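This structure is a prediction, so every number in the text was calculated from the model and none was measured.
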Amino acid sequence: EFSDKVESYRLQLSEKQNPLNAALTVCVNLLNDNDTINAVIPELISIIKGGIGLNSINSACKILIDLAKRKNLQRILRAHSKKAMNSLLAQVVNTSSPHLKNMYSQVIAYWFGFAKKKYVENTVALIDKLYFNDETNGGINDDDKRILSGIITFNIAKYSLDRISKYNQIISLAFVASNDINEDCSSYWNKVITEFGGKQMSLRSNLEIVIELIIKAFNDTIYKKKETAIISIKDLCELYGDNLDSKSLNILLNEIVLKSLPGKIWEGKIKLFETLISITKYCKSYLSKDDELKNDIIKSLLNEVKRKNKQQIEFKIAAINCLADVVINLDVCIMDEAIPTFRQYVFDENIFNNNDNKYFELLSCSMKSIGNIWNGDKMVQNKYLSWIINDCYIDHLNKTNWMVQLSIYKSMQPFFDKFDLNILMDKESLLLMYKLIETAIMEIGLNNLKFTAIRYESLIALYTLLTRMKTNKTEIDKDFMNRIKSKIDEMASNDNKPIVVQQAIKIQKEIFLQ
């Protein structure tokens, strides 16, 4: 960036102080016959190939651009497209000057519109080669080469859009490269996408090529490209949704996402979970018809929850969060598979040091996920009711920090929302629910004077359960309800936090006064 500014300053200073620049402009305007142009073009190309003198090269490029802008000269210039394009393509790759990279790209862009087909296709091939860097297999300066591919393509799309739009390979590459994790690279390619009319236009009739390029990027040895491929799948599914055909979805899911979850963890691999969430959210119509594929997704995620290596805890947390979202998106019941896995590989304190903040973070996300995955019929829910109330909620409220406690109360909200109230017809189950309300919510949650958020989330959890019980006309012991009312009245009158008071008043009005 600094060298680019220095070069720009040098050129600006030269243009202001050199009286020959004005004369040069006049001379260029006089170039309009075959013989003169045929004599001048080789000289300009020679200056560019020589690579000596920033001002001279810059002037030569400007002349080539000025001539290319004149429609009446393009037929004559076309005869020189071989030497001009070959020289420019060689120089744009080899120069270390940021200014000249951009200048050469502009000349290429203007000449691209009328150059012979062979040299246009050479340019297209170079763009692809720079992005995927086939020769070095993603070696040194890979970022710079991908950025350069974007600079060249952006200039071509800006000045020769009609011609570049005929090359589906470039349009498809634009979709993938616009998701590049290098911000400079993705910025140029997003500008290209805009010139093409947006991502939807880029995907139209090009889906097969886009998928081929996503697979190619993912199979690259450079992990940045793998991450770009993963983000592209997410982007593709969000744009196409249920319109994505089953063949394409199967390829993306099985060949990349699910196949890549196990094994070595690399930077950016965590994006697989974000992509899986998007796939199950936007392509659910197809997935809902394929039980085998749904089972493969759940099984893969549960295997990631089983990771024991402490260094992989971030990946394990992402897998647990993803599992909860996927269950919601697919509307499946996985209690019999998930809860034994959580009990063995998350809530077993021997796996991690239970005083470690990362372990508390793991517990927090696990608590929220347990609430989100809670569903199924009465038999399934009844099987795990004692565990979730005693071992999961109450036990951990008594021995963890505020972060986990807050997650427990947030977990109770979806748990209460999806809880089968018919279970409470059984006296033992009803007493368990009373215990949860009295111990976890009233004694621990609502009495936590240190953390406002815990009191507030406790009230929301209580409101969720009481609202459902009232709507369902579930019978509740009157003395027990009076104790709840007394506590709510106390909080509505005495709590010093408005947000807590408002929620307590809401319970008063909607549960006890109606």
A.B. asks: Do Ile441 and Leu446 come within less than 4.5 Å of each other through their side chains, counting heavy atoms only?
C.D. replies: yes
A.B. asks: So, Asn372 versus Lys418: side-chain donor-acceptor pair below 3.5 Å or not?
C.D. replies: no
A.B. asks: Would the number of heavy atoms belonging to other residues, nucleotides or ligands and lying under 6.0 Å from OH of Tyr188 be above 12?
C.D. replies: no
A.B. asks: Are Lys368 and Asn321 close enough, and set up right, to give a side chain to side chain donor-acceptor pair (under 3.5 Å), and what steps lead you there?
C.D. replies: CA-CA 8 Å; Lys368 286 186 280 189; Asn321 287 327; 5.9 Å; no
A.B. asks: Once you round to the nearest 0.5 Å, how far does CG of Asn102 lie from CG of Asn155?
C.D. replies: 5.5 Å
A.B. asks: The test is side-chain contact (heavy atoms from CB on, under 4.5 Å); show your working for Ile388 and Ile339 and say whether it passes.
C.D. replies: CA-CA 9 Å; Ile388 194 171; Ile339 288 181; over 6 Å; no
A.B. asks: For the CD atom on Glu443, are there more than 12 heavy atoms of other groups (residues, nucleotides or ligands in this structure) within a distance under 6.0 Å?
C.D. replies: yes
A.B. asks: Do Tyr240 and Tyr282 have ring centres separated by under 6.0 Å?
C.D. replies: no
A.B. asks: Take Gln413 and Thr464 through the test side chain to side chain donor-acceptor pair (under 3.5 Å) and record every step on the way to the result.
C.D. replies: CA-CA 6 Å; Gln413 295 161 30; Thr464 303; 5.6 Å; no
A.B. asks: From Leu462 CG over to Thr467 OG1, what is the distance, rounded to the nearest 0.5 angstrom?
C.D. replies: 8.5 Å
A.B. asks: Main chain of Asp420, side chain of Gln381: is a donor-acceptor contact present, judged purely on distance under 3.5 Å?
C.D. replies: yes
A.B. asks: Is it the case that the side chain of Tyr286 and the backbone of Leu249 share a donor-acceptor pair, with hydrogens and angles ignored and the cut-off at 3.5 Å?
C.D. replies: no
A.B. asks: Please report the interatomic distance CD(Glu255) to CD1(Ile211), rounded to the nearest 0.5 Å.
C.D. replies: 11.5 Å
A.B. asks: State the CD1-OG distance between Ile454 and Ser407, to the nearest 0.5 angstrom.
C.D. replies: 9.5 Å
A.B. asks: Would Lys216 and Glu212 pass as an ion pair if we require N to O under 4.0 Å?
C.D. replies: no
A.B. asks: Salt-bridge test for Asp336 and Lys383: reply yes if a basic N is under 4.0 Å from a carboxylate O, no otherwise.
C.D. replies: yes
A.B. asks: Grab the two heavy atoms, one from Arg307 and one from Leu261, that are nearest each other, plus how far apart they are.
C.D. replies: NH2-O, 3.3 Å
A.B. asks: I'd like to know if the side chain of Asn472 and the backbone of Thr474 have a donor-acceptor N/O pair within less than 3.5 Å.
C.D. replies: no
A.B. asks: How long is the span from the CD1 atom in Ile279 to the NZ atom in Lys234, to the nearest 0.5 Å?
C.D. replies: 10.5 Å
A.B. asks: Could you check Phe347, Tyr393, Trp374 and say which one makes a ring-ring contact (aromatic ring centres under 6.0 Å, His included) with Trp387?
C.D. replies: Phe347
A.B. asks: Less than 3.5 Å apart, any donor N or O on the side chain of Asp180 or Asn182 sitting next to an acceptor on the other?
C.D. replies: no
A.B. asks: Is it true that Asp142 and Lys145 have a side-chain N and a carboxylate O under 4.0 angstrom from each other?
C.D. replies: no
A.B. asks: Restricting to non-hydrogen atoms, name the atom on Ser202 and the atom on Ile193 that form the minimum distance, rounded to 0.1 Å.
C.D. replies: OG-CD1, 3.2 Å
A.B. asks: I want to check something: taking the side chain as every heavy atom from C-beta on, are Leu161 and Phe196 in contact at a cut-off of under 4.5 Å?
C.D. replies: yes
A.B. asks: For Lys101, does the NZ atom sit with more than 12 other heavy atoms under 6.0 Å from it, leaving out its own atoms?
C.D. replies: yes
A.B. asks: Between Asp245 (side chain) and Ser248 (backbone), is there a donor-acceptor pair under 3.5 Å?
C.D. replies: yes
A.B. asks: Could you check Glu195 against Lys191 for salt bridge (Lys or Arg N to Asp or Glu O under 4.0 Å), going step by step and ending with a plain yes or no?
C.D. replies: CA-CA 6 Å; Glu195 294 292 335; Lys191 292 175 184 176; over 6 Å; no
A.B. asks: Taking everything shown except Trp402 itself, do over 12 heavy atoms lie less than 6.0 Å from its CH2?
C.D. replies: no
A.B. asks: Closest heavy-atom contact between Val210 and Ser172?
C.D. replies: CG2-CB, 3.7 Å
A.B. asks: For Lys158, I'd like to know if atom NZ has over 12 heavy atoms of other residues, nucleotides or ligands within 6.0 Å.
C.D. replies: no
A.B. asks: Would one find more than 12 heavy atoms of other residues, nucleotides or ligands at under 6.0 Å from atom CE of Met425?
C.D. replies: no
A.B. asks: Starting from the C-alpha separation in whole Å, work towards a yes-or-no answer on salt bridge (Lys or Arg N to Asp or Glu O under 4.0 Å) for Asp479 and Arg483.
C.D. replies: CA-CA 6 Å; Asp479 289 338; Arg483 290 204 303 276; over 6 Å; no
A.B. asks: Answer whether the closest heavy-atom distance between the side chains of Asn448 and Ile444 falls below 4.5 Å.
C.D. replies: no
A.B. asks: Among Asp296, Asp290, Asp291, find the one that has a salt bridge (charged side-chain N to carboxylate O under 4.0 Å, His left out) with Lys294.
C.D. replies: Asp291
A.B. asks: Decide yes or no on side-chain contact (heavy atoms from CB on, under 4.5 Å) for Met433 and Phe416, but give the supporting numbers first.
C.D. replies: CA-CA 10 Å; Met433 188 59 72; Phe416 287 148; 3.7 Å; yes
A.B. asks: Would you find a donor on one side and an acceptor on the other, under 3.5 Å apart, between the side chain of Asn190 and the backbone of Ser186?
C.D. replies: yes
A.B. asks: Tell me, do Ile298 and Leu323 make a side-chain contact under 4.5 Å, heavy atoms counted?
C.D. replies: yes
A.B. asks: Taking atom NZ of Lys281 as the centre, does the number of heavy atoms from other residues, nucleotides or ligands within less than 6.0 Å exceed 12?
C.D. replies: no
A.B. asks: Can a donor-acceptor pair be found between the side chains of Ser205 and Asn168 at a distance below 3.5 Å?
C.D. replies: no
A.B. asks: With a 3.5 Å distance limit and no angle check, can you tell me whether Ser149 reaches the backbone of Arg146 through a side-chain donor-acceptor pair?
C.D. replies: yes
A.B. asks: Looking at side-chain heavy atoms only, is the closest gap between Ile437 and Met442 below 4.5 Å?
C.D. replies: yes
A.B. asks: Between Asn482 and Lys478 (side chain of the first, backbone of the second, donor and acceptor by atom type, cut-off under 3.5 Å), is there such a pair?
C.D. replies: yes
A.B. asks: Is the backbone of Val305 close enough, under 3.5 Å, to the side chain of Lys316 for a donor and an acceptor to pair up by distance?
C.D. replies: yes
A.B. asks: Flag the pair Glu227 and Lys224 as a salt bridge only when some basic side-chain nitrogen lies within less than 4.0 angstrom of an acidic carboxylate oxygen.
C.D. replies: no
A.B. asks: May I ask you to decide if Ile320's main-chain N or O and Ser369's side chain share a donor-acceptor pair within less than 3.5 Å?
C.D. replies: yes
A.B. asks: Glu457 vs Ile460, test: side-chain contact (heavy atoms from CB on, under 4.5 Å). Steps then yes/no.
C.D. replies: CA-CA 5 Å; Glu457 295 296 341; Ile460 293 179; 4.1 Å; yes
A.B. asks: Is the closest side-chain heavy-atom distance between Leu436 and Leu465 below 4.5 Å?
C.D. replies: no
A.B. asks: What verdict does the side-chain contact (heavy atoms from CB on, under 4.5 Å) test give for Asp235 and Phe175, after you've listed the backbone C-alpha separation in whole Å, the side-chain angles of each residue and the deciding distance to 0.1 Å?
C.D. replies: CA-CA 9 Å; Asp235 200 13; Phe175 178 83; 3.8 Å; yes
A.B. asks: Quick one, Val327 and Asn375 - any side-chain contact, counting heavy atoms below 4.5 Å?
C.D. replies: yes
A.B. asks: Taking the side chain as every heavy atom from C-beta outward, state whether Leu432 and Asn390 have any pair of such atoms under 4.5 Å apart.
C.D. replies: yes
A.B. asks: Within a 6.0 Å radius of atom CG on Asp331, are there more than 12 heavy atoms belonging to other residues, nucleotides or ligands?
C.D. replies: no
A.B. asks: Can you see whether Tyr456 has Lys497 sitting over its ring - NZ or CZ less than 6.0 Å from the centre and within 45° of the normal?
C.D. replies: no
A.B. asks: Supply the atom-to-atom distance Leu287 CG to Lys289 NZ, rounded to the nearest 0.5 angstrom.
C.D. replies: 10.5 Å
A.B. asks: For His396 and Gln405, indicate whether the former's side chain and the latter's backbone hold a donor-acceptor pair under 3.5 Å.
C.D. replies: no
